[in-house]
Amino acid sequence: MLLRDNIHYKTAAVLFGGIGGESAGLLRSQVEYGGGLYRFKLLCSIDSDPVACRNHDLITGEQTSVVMDLFRRWQYKAWHKQEPPANWREMTAWDIWLAFKQQVPFFLFSSPPCKGLSGLLPKEKSESEQYQALNFLTVSGLELALQACDEYGDAIPAIIQLENVPRITSRGKPLLKQIKKLLKKFGYEVSIRADHNLGEIGGFGQNRVRFLIMARDPKQVPNVIYYPAPKPMRTIGDVIGPLPTPGIRRWADRCTSYRAFNGRPGCGSHLFPPAAIGGIYRRWIIRACGLFMSLVLAPTVWPSGINHPER
């Protein structure tokens with residue numbers, strides 16, 4: 001743990017970090033305990049997409065992304081349906097160790113690709129060799145990271161978190177057995193659940209149910225990790241209420257038209273030409289109804305399985 005400016009920093013690393021949603025959350029989070037302030041220091045975020053890595057650094061404001069393809073050779077061939085180029089090679093534990101800046105992260109987060117495990121993909125296609133190779137990143141990425149920490153750091157991360165879609169419990173059942181066996185081998189206490197609702201945890205306007213693995217090393221974290229208390233979900237009014245009133249900017253640039261249409265002096269932004277009110281608000285109501293259907297009705301009627309952890 002690092003101590004700088006009276007702030008205690010816990011190190012973190014992210015696998016399959018994409019454009020940096022997890023990284024940004026880690027960097028913004030902090031907690032006060034025992035008279036001290038604790039924050040995260042991000043060691044790296046690994047992803048195979050260079051554009052995503054570039055956006056990651058723009059979003060987080062830190063140059064911590066690492067472009068790295070964690071496919072093994074057989075996975076590459078199965079996914080891309082061709083041999084890798086001459087300059088391609090499999091990543092090793094040493095490569096991961098260098099990405100970790102030769103440190104064992106206190107917290108390791110993994111968000112492997114979920115496309116092959118999602119109910120949005122037809123079952124027949126999800127069982128193809130191509131998507132089975134993609135799905136195996138859930139195991140191979142974690143295995144490589146633990147190998148790097150164990151071999152070169154002589155330690156393991158205190159906490160490991162893995163998130164995916166709930167349907168991994170059925171389509172990825174063999175993978176989960178391997179992951180649990182791997183974590184148990186390194187001495188972790190493992191919690192597995194498929195009802196991890198980010199909407200309730202964050203108090204959002206949408207149910208966002210995810211699959212969650214939380215593993216802790218009891219030697220470093222002897223106490224259990226408590227699940228966050230659910231927060232009230234936001235309503236449609238809560239979501240669209242703070243948004244600017246439709247048409248303000250467009251009509252605010254036409255003060256003369258405001259005065260002419262309303263027949264009185266002044267140019268308040270709350271005034272609308274009567275002829276435009278019907279069209280503006282009709283479109284706004286249509287958009288609000290569409291938002292309502294996408295956030296509230298869709299999760300209950302679309303047979304995607306994403307919002308139904310029991311599937």
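All of these numbers come straight from a predicted model, not from anything done at the bench.
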Quick one: closest heavy-atom pair of [X] and [Y], and the distance?
X: Val139; Y: Leu175; value: CG2-O, 3.8 Å
X: Pro50; Y: Ser48; value: CD-O, 3.3 Å
X: Pro157; Y: Cys149; value: CD-SG, 4.0 Å
X: Gly205; Y: Val239; value: CA-CG2, 4.2 Å
X: Cys44; Y: Ala99; value: CB-O, 3.2 Å
X: Ala12; Y: Leu26; value: CB-CD1, 3.9 Å

> Does Ser118 reach the main-chain N or O of Lys115 with its side chain, forming a donor-acceptor pair under 3.5 Å?
Replying inline: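 No, the answer is negative, given that no donor and acceptor are paired below the 3.5 Å cut-off.
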> Does Arg216 reach the main-chain N or O of Val221 with its side chain, forming a donor-acceptor pair under 3.5 Å?
Replying inline: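 Side chain of Arg216 to backbone of Val221: a pair is present.
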> If you draw the axis of the six-membered ring of Tyr9, does the NZ or CZ of Lys41 fall within 45° of it and under 6.0 Å from the ring centre?
Replying inline: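 No, Lys41 does not lie over the aromatic ring of Tyr9.
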> Does the pair Arg54 and Leu58 meet the rule for a side-chain contact (heavy atoms from CB on, under 4.5 Å), with working shown?
Replying inline: CA-CA 6 Å; Arg54 171 61 177 160; Leu58 291 173; 3.8 Å; yes
Would the number of heavy atoms belonging to other residues, nucleotides or ligands and lying under 6.0 Å from [atom1] of [X] be above 12?
X: Ile19; atom1: CD1; result: no
X: Arg193; atom1: CZ; result: yes
X: Gln102; atom1: CD; result: yes
X: Lys101; atom1: NZ; result: yes

Determine whether [X] and [Y] fall in the same hydrophobic cluster, where Ile, Leu, Val, Met, Phe, Trp and Tyr are linked whenever their side-chain heavy atoms lie under 4.5 Å apart.
X: Leu146; Y: Val190; value: yes
X: Tyr152; Y: Leu182; value: no
X: Phe16; Y: Leu198; value: no
X: Phe71; Y: Val66; value: yes
X: Phe40; Y: Leu43; value: no

> Given Asp95 and Arg89, is the salt bridge (charged side-chain N to carboxylate O under 4.0 Å, His left out) satisfied, shown in steps?
Replying inline: CA-CA 11 Å; Asp95 295 309; Arg89 66 178 179 86; 2.9 Å; yes
Do [X] and [Y] make a side-chain contact, defined as non-hydrogen atoms from C-beta onward lying under 4.5 Å apart?
X: Ile160; Y: Leu183; value: yes
X: Leu142; Y: Leu108; value: yes
X: Pro84; Y: Lys77; value: yes
X: Asp238; Y: Thr235; value: yes
X: Cys53; Y: Ser45; value: no
X: Leu70; Y: Leu137; value: yes
X: Glu90; Y: Asp69; value: no
X: Phe211; Y: Thr169; value: yes

May I ask you to say whether [X] pairs ionically with [Y], meaning some side-chain N is under 4.0 Å from a carboxylate O?
X: Lys219; Y: Asp217; answer: no
X: Arg73; Y: Glu83; answer: yes
X: Arg72; Y: Glu143; answer: yes

> Can Gln161 and Glu163 be said to form a side-chain hydrogen bond (donor to acceptor under 3.5 Å, both in side chains), step by step?
Replying inline: CA-CA 7 Å; Gln161 182 178 345; Glu163 286 192 11; 3.0 Å; yes
> With Phe136, which of Trp74, Tyr76, Trp79 fulfils ring-ring contact (aromatic ring centres under 6.0 Å, His included)?
Replying inline: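 Among the candidates, only Trp74 passes.
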> Do we see a donor-acceptor contact under 3.5 Å between the side chains of Tyr227 and His196?
Replying inline: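 The criterion, which ignores hydrogens and geometry beyond distance, is satisfied for His196 and Tyr227.
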>> To the nearest 0.5 Å, what is the distance between CG on Leu117 and CG on Asn164?
In response: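 Those atoms lie 5.0 Å apart.
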>> Pair Gln147, Asp150 - check side-chain hydrogen bond (donor to acceptor under 3.5 Å, both in side chains), show working.
In response: CA-CA 5 Å; Gln147 181 185 351; Asp150 183 48; over 6 Å; no
